[in-house]
Every structure is written in C-alpha cells, then in structure tokens.
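Beneath this line is the structure, given in structure tokens, with notes to follow.
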Amino acid sequence: MFTELNSILNASPDSFTQGEFILVSDRQSDASFLIHHFLSFYLRARCRVCFLGLVQSFCHYNAVGQRLGVSLTQAKEKGQLIFLEGLKESLSILIPHENNTEHQAMNFLRDPAVGLRSLYEFVRSGLTGSGSSEEGAEEWGPPVLLVDDLSVLLSLGVGTGAVLDFSHYCRATACSQLQGNMVMLVRCNGDEEEDGDEGSEWLLKGLSHQCSLALHVQGLPTGYCKDIHGQVEVCWRMRQGDGQHTQKKLFQYKVHDKGASFFARGTSSAVL
C-alpha cells in the first residue's frame, strides 16, 4: 500500500469512497504496481475482495503482497479473498482431466458461444459471499472486485462489446447494488495513433465513460530515466448539474521494492 498515493486520492483503509469504479490503464509502461496497491489497500480495509488474476499466478501476487505487508494466503483462508487464478483455470479448461474440481468460470475458452456469463457468475458469487455463510464466519466490509487485466479477455478471443457488457454487469453488481468498489486494469501496448491495438483502445474509451476515477500510467515523454520510472495521470470524474466535471493531475513516479514515490507535475480541469 502506497501512502503517498492514498494522500493524492484522499483515501485510507479507514475512510474511502464507496460505489466507485476505478480504471487503471497503461501505455508503453507497466501499471501493475497500482493493482498491487489497491489489493493491499482493500485487504487492510477489511473488504471482501474478489480478484480475477488473469496474467500472473497466485504465488506472484502473494509474494508482492507480503512485501507490502499483507498475506493473500491468510486472506484466502479466512474467506476475505476470493481468487481466480486465470492461468491455472485456463489449463483446466483447455486440457481437461479426471477428477477436475476446478470451477468453469472461463468455459468460454472451450465454447465461445457461451460468452462471459459463467465468469460474471463467479464474480457475483464472490462479491455476495454466496455459499460461504457458515456460522462463525467473519464479517467483512463492502465488497471489491479487482481485475488484472481485463484486456487479456480480448487476446483470448472475446469481443470488445462482450467485455464492455461484462464490465457493465460487474459494475452494476459491485458498485450500484452492493455499494462496493471495482478496480480494473486495461493495457494498450501501442501508440494511440496505431491501429494494431484497436480492440483495447475501444475498451479503454468505453470504460473511461463509466469510471469515476481513472489512473493512466505511461512512460516519460523524454524517454528512459533511472530516477523516474514514468508518469501517471489521475482523473476524477464528478457529476455537476447537467454536466460532468473532470479534474486531472499529472504525477511522475518511482517504484521501490516496498512502495512508490509520486511527484506532482501539473493540474488541469474541464467541464464536459
């Protein structure tokens, strides 16, 4: 958990906005450190977290979490963390074997026609705690959905429209119905002018209209610097009257082994 970022976002594990959709994106950089931040943040806040880990193993997330002061293993054992290991789940679908006890959250890999319904049902069950209300279970705070990263579904053959529909249903459940939060990472590998990454560009634009807070990570315009790893644009979207007020702040950052430093670069605001 990065205390400087908490100060920028005016949030802490004891006090944070509920019903918020936070969109994390990156371009020619790596924003995964923000996913690790929000994971440790919400675990410290005693939220029930449903985490779709589509790009790394549980061991990877747990190792980073330990450096940030949280144990994902303990959180799973207590029922606070519901974790989908996308790599392992994909293998169980593509290479089925006897006595396979894995759930079918990613069965769209076998039959694209079924869409993302099963994945959404996994999310809904994880957020509501369906089937885990045994007597004596701990009470958790508002539920949180984390996805690392949503654009992986595009590379697995899911259409942009289907992914946007999935995010819409997840947001309706997590943010509106349950008054929890949702954090999703989307990656755009190329330049904005290039056409080779059109799917993720449309996905990013679609999600940008839904979110209340966006953090966009990119490399420095001047190129590599050993003291500064990149810059992150923080964008708050707030309803004001008949329009939407957008405030932006730009920070440079440097990631350390157990944290990150942020340096303010400028501010801008506009009414859309």
Side-chain angles (χ1 to χ4, degrees), residues 1-3 5-25 31 34-52 70 75 79-84 116 119-130 132-133 138-150 163-186 203-216 232-249 269-272:
M1 186 179 70
F2 308 145
T3 55
L5 182 57
N6 289 342
S7 178
I8 292 171
L9 301 180
N10 193 28
S12 73
D14 298 322
S15 177
F16 58 90
T17 303
Q18 293 180 222
E20 192 169 50
F21 172 22
I22 302 173
L23 175 63
V24 178
S25 62
L34 293 177
I35 291 296
H36 295 298
H37 161 76
F38 285 113
L39 177 58
S40 62
F41 177 93
Y42 287 117
L43 289 178
R44 287 178 181 271
R46 292 187 56 79
C47 294
R48 181 181 179 89
V49 178
C50 179
F51 186 16
L52 305 186
V70 295
Q80 182 186 10
L81 174 65
I82 310 300
F83 186 88
L84 175 72
L116 299 175
L119 187 59
Y120 167 72
E121 288 299 327
F122 174 87
V123 169
R124 187 186 62 80
S125 177
L127 294 174
T128 59
S130 301
S132 60
S133 58
E138 292 193 48
E139 294 291 333
W140 305 112
V144 175
L145 170 64
L146 272 75
V147 183
D148 180 21
D149 73 84
L150 195 65
V163 178
L164 285 172
D165 288 343
F166 170 74
S167 68
H168 172 76
Y169 282 108
C170 288
R171 177 184 172 223
T173 300
C175 302
S176 299
Q177 178 184 345
L178 301 175
Q179 283 300 294
N181 288 356
M182 184 170 79
V183 182
M184 289 182 167
L185 171 64
V186 173
L203 180 61
L204 177 59
K205 290 178 181 178
L207 294 176
S208 296
H209 290 292
Q210 299 181 24
C211 71
S212 52
L213 172 64
L215 296 93
H216 181 61
V232 54
E233 182 185 70
V234 183
C235 177
W236 292 266
R237 300 175 182 274
M238 299 159 285
R239 289 288 181 184
Q240 286 190 350
D242 296 331
Q244 179 175 271
H245 179 75
T246 301
Q247 182 180 16
K248 296 181 180 180
K249 292 185 178 181
S269 62
V271 177
L272 302 182

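Applying the salt bridge (charged side-chain N to carboxylate O under 4.0 Å, His left out) criterion to Asp148, with sequence neighbours excluded, gives no partner residue. The side chain to side chain donor-acceptor pair (under 3.5 Å) search around Glu121 returns Arg124, not counting sequence neighbours. Residues meeting the side chain to side chain donor-acceptor pair (under 3.5 Å) test with Ser167, sequence neighbours left out: none. With sequence neighbours excluded, the residues that form a side chain to side chain contact (heavy atoms under 4.5 Å, CB included) with Ser208 are Leu23, Leu204, Arg237. With sequence neighbours left out, the ring pair (Phe, Tyr, Trp, His ring centres under 6.0 Å) criterion links Phe51 to Tyr61, Phe83. Every residue two or more places apart in sequence or in another chain that forms a side chain to side chain contact (heavy atoms under 4.5 Å, CB included) with Ser12 is listed here: Asp14, Ser15. Among residues two or more places apart in sequence or in another chain, the ring pair (Phe, Tyr, Trp, His ring centres under 6.0 Å) test is passed with Phe21 by none.
Here the closest non-hydrogen pair linking Pro143 and Leu127 is CB-O, 3.5 Å. Residues Val163 and Leu116 share a closest heavy-atom pair of CA-CD1, 4.2 Å. In terms of heavy-atom proximity, Gln80 sits nearest to Arg46 at NE2-CA, 3.4 Å. Nearest heavy-atom pair, Leu146 versus Phe38, reported as atom, atom and distance to 0.1 Å: CD2-C, 4.1 Å.
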**OP:** Test Leu52 against Phe122 for side-chain contact (heavy atoms from CB on, under 4.5 Å), laying out the working first.
**Re:** CA-CA 10 Å; Leu52 305 186; Phe122 174 87; 3.7 Å; yes

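A donor-acceptor pair under 3.5 Å is absent between the side-chain atoms of Arg48 and the main chain of Glu139, judged by distance alone.
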Side-chain donor-acceptor pairs under 3.5 Å in residues 168-180, sequence neighbours left out?
unit_1 : atom_1 : unit_2 : atom_2 : d
Arg171 : NH2    : Gln210 : O      : 3.3
Thr173 : OG1    : Tyr120 : OH     : 2.7
Thr173 : OG1    : Tyr169 : O      : 3.1
Gln179 : NE2    : Cys175 : O      : 3.0
Gln179 : NE2    : Ser176 : O      : 3.3

